[in-house]
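These numbers come from a predicted model, not from an experiment. Atoms within a ligand are numbered from 1 in the order they appear, just like the ligands themselves.
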Amino acid sequence: MTTRRTWQRCDDCGHEVDELDRSPRCPVCQGLLAVVHAMPARDGLRARLAANRSPSGVWRFGELVLPTAVDVAVSHPEGNTPLLERAALSAWCGVDGLLLKHEGHNPTGSFKDRGMTVGMTQAKRIGATAVACASTGNTSASLAAYAAQAGIPALAIVPDGQVTIGKLSQTLAYGARTLLVDGDFDDCLRLMQQVSVELGVYLLNSINPFRLEGQKTIVLELLQQCDWNAPDWIVLPAGNLGNTSAFGKAIDEAMAWRLIDRRPRLAAVQAEGAGPFAAAFSRGFDQLTPVHAETIATAIKIGAPASYHRAARAIVATDGVVLTVSDAEILAAKVAIDRAGVGCEPASAAAVAGVRKLRADGTIGRHDRVVAVLTGHILKDPGVLQQIHQNDSIAPALANRPIRIPADIAAVRDVLSSSGERQT
Ligand SMILES: *Cc1c(COP(=O)(O)O)cnc(C)c1O
Ligand SMILES: [Zn+2]
């Protein structure tokens with residue numbers, strides 16, 4: 001028998017299928033499939049990773065992600081995102097030395113590219129004739145870009161009127177066939193399951209296990225940036241729970257492979273109006289009760305998260321927590337992040353709002369080492385920026401209003417002398 005390096009296993013019944021099997025779910029019980037790797041050679045693993053010269057922050061970790069596909073990767077490249085420290089944001093959260101892993105620096109502006117490079121590589125390897133996803137916008141933008149690069153037609157199913165202008169524009173511009181559905185994301189996801197069965201397209205939603213392999217590298221890369229000295233906390237926004245699941249898998253594997261010797265705790269942050277995971281956490285993860293989702297943070301506006309069980313396991317295994325923050329808290333955090341010159345989309349700001357809240361209630365200590373993940377770029381949602389700063393409609397106290405003047409130096413002088421704080 002040849003030794004397998006990588007295969008897929010059902011979370012629920014343990015049934016195993018080949019690495020190149022194209023089933024979207026377990027063929028026996030319809031459970032979610034996970035990618036499983038044989039133990040890599042642990043001796044010298046950190047040194048091998050450090051010496052890897054791949055330009056991609058995903059494929060640099062290829063031996064832990066998809067060893068057999070490193071040479072055929074559909075890569076932009078992606079990853080290699082900065083770990084930022086900004087005194088203003090540490091102070092705002094009350095946590096010394098808060099670090100921000102800014103995934104908005106990926107090629108299409110969100111962490112979804114890390115999963116998509118692996119998912120699209122897999123699509124190409126198995127000869128998929130079309131790829132598809134349901135999306136709140138970032139997955140469809142990423143799908144469209146990577147499908148264009150791979151030369152595979154892409155189908156995006158998104159909720160009409162609930163995708164930000166930045167994300168919808170990208171999806172269209174990169175050439176995905178885009179369906180605007182009269183419904184919300186949860187309706188889109190249901191529709192997509194049927195589409196994938198009837199039309200035989202390859203599904204690249206976050207239940208696709210290869211996407212999670214790519215998203216693991218957010219954690220692997222930040223641990224490497226910390227010299228494999230694990231932080232106390234990793235805090236992330238949570239919607240469909242693919243990323244929470246990927247983070248849990250990355251931490252499990254980093255422990256098993258002796259890259260780190262202690263587990264960071266995960267804190268998953270949901271919006272108050274889209275918090276079924278937080279509600280389940282508060283009841284000891286008895287079960288998921290879907291909700292009708294409402295929040296300004298459209299990337300996490302999800303009421304029936306697909307990866308609930310594996311995300312719950314990730315929280316339990318890391319002694320983690322799940323909490324909600326209000327839209328007002330999300331907006332306040334977003335303005336703080338933007339004003340620090342960092343910037344992010346609203347869903348990302350939920351992570352920082354979560355850090356502040358966990359610090360305030362004592363769950364996170366002032367001297368804890370905390371990494372908050374900023375999942376998407378500030379320009380993903382220009383509409384919300386316009387609402388904050390130009391329309392006065394959602395957070396008047398936080399607005400930096402533009403001032404309209406005639407083309408005349410006297411008018412400039414007038415403005416600068418009448419608004420003292422603007423001169424500083
Ligand atoms: C997809 C996404 C999330 C949520 O990730 P899940 O895996 O759905 O929990 C959060 N923020 C942004 C910007 C996203 O694009
Ligand atoms: Zn199964």
Side-chain angles (χ1 to χ4, degrees), residues 8-17 21 23-34 101-106 108-116 133-143 158 163-164 166-167 170-171 185-186 189 204-209 211-212 214-216 218 235-249 266 268-271 274-278 293 295 297-311 314-315 322 330 334 343-352 354 372-381 384:
Q8 303 180 64
R9 184 170 61 212
C10 173
D11 271 6
D12 294 343
C13 77
H15 179 71
E16 295 186 347
V17 299
D21 193 293
S23 314
R25 285 172 175 268
C26 172
V28 175
C29 79
Q30 297 299 302
L32 298 189
L33 293 168
K101 179 71 173 156
H102 205 326
E103 289 295 305
H105 288 236
N106 273 292
T108 76
S110 84
F111 74 81
K112 300 299 198 300
D113 294 338
R114 291 194 189 252
M116 204 51 75
C133 71
S135 177
T136 61
N138 279 334
T139 300
S140 62
S142 187
L143 175 93
V158 302
V163 179
T164 69
K167 301 174 191 182
Q170 283 180 293
T171 307
F185 170 79
D186 297 296
L189 196 58
L204 280 170
N205 268 90
S206 63
I207 65 161
N208 181 302
R211 275 194 46 200
L212 298 197
Q215 288 171 210
K216 279 183 346 195
I218 303 169
V235 185
L236 78 164
N240 214 17
L241 303 180
N243 221 23
T244 306
S245 305
F247 280 31
K249 189 168 193 279
L266 287 178
V269 188
Q270 299 208 285
F277 189 45
T295 170
T298 52
I300 51 173
K301 188 176 174 219
I302 294 170
S307 297
Y308 166 69
H309 289 287
R310 46 175 60 158
I315 295 297
V322 188
I330 288 172
K334 176 174 156 55
C344 67
E345 67 166 285
S348 315
V352 170
V373 180
L374 300 180
T375 44
H377 195 275
I378 184 172
L379 289 177
K380 285 288 191 174
D381 195 347
V384 87

*For N205, what residues pass the side-chain hydrogen bond (donor to acceptor under 3.5 Å, both in side chains) criterion, not counting sequence neighbours?*
none
*Answer yes or no: is there a side-chain heavy-atom contact under 4.5 Å between C10 and L33?*
yes
_Criterion side chain to side chain contact (heavy atoms under 4.5 Å, CB included) on E345 and N138, from CA distance to verdict_ = CA-CA 11 Å; E345 67 166 285; N138 279 334; 2.8 Å; yes
*asked:* For V235, run the side-chain contact (heavy atoms from CB on, under 4.5 Å) check against V269, L266, V352 and tell me which one passes.
replied: V269
*Within a radius below 2.8 Å of the Zn ion (ligand 2), how many protein N, O or S atoms are present?*
4
*Which pair of heavy atoms, one from A268 and one from F277, lies closest together, and at what distance?*
CB-CE2, 4.0 Å
*Under the side-chain hydrogen bond (donor to acceptor under 3.5 Å, both in side chains) test, which residues partner N243, sequence neighbours left out?*
Q215
_Give the residues near ligand 1 by chain and number, with the criterion being a heavy-atom distance under 4.0 Å._
F111, K112, N138, P237, A238, G239, N240, L241, G242, N243, A299, I300, E345, A347, T375, G376
*Does NE2 in H15 sit with more than 12 non-hydrogen atoms of other residues, nucleotides or ligands closer than 6.0 Å?*
yes
*May I have the step-by-step check of side chain to side chain contact (heavy atoms under 4.5 Å, CB included) for N240 and S307, ending in yes or no?*
CA-CA 6 Å; N240 214 17; S307 297; 5.9 Å; no
*Before giving the answer on side chain to side chain donor-acceptor pair (under 3.5 Å), spell out for T375 and S110 the whole-Å C-alpha distance, their side-chain angles and the decisive distance to 0.1 Å.*
CA-CA 6 Å; T375 44; S110 84; over 6 Å; no
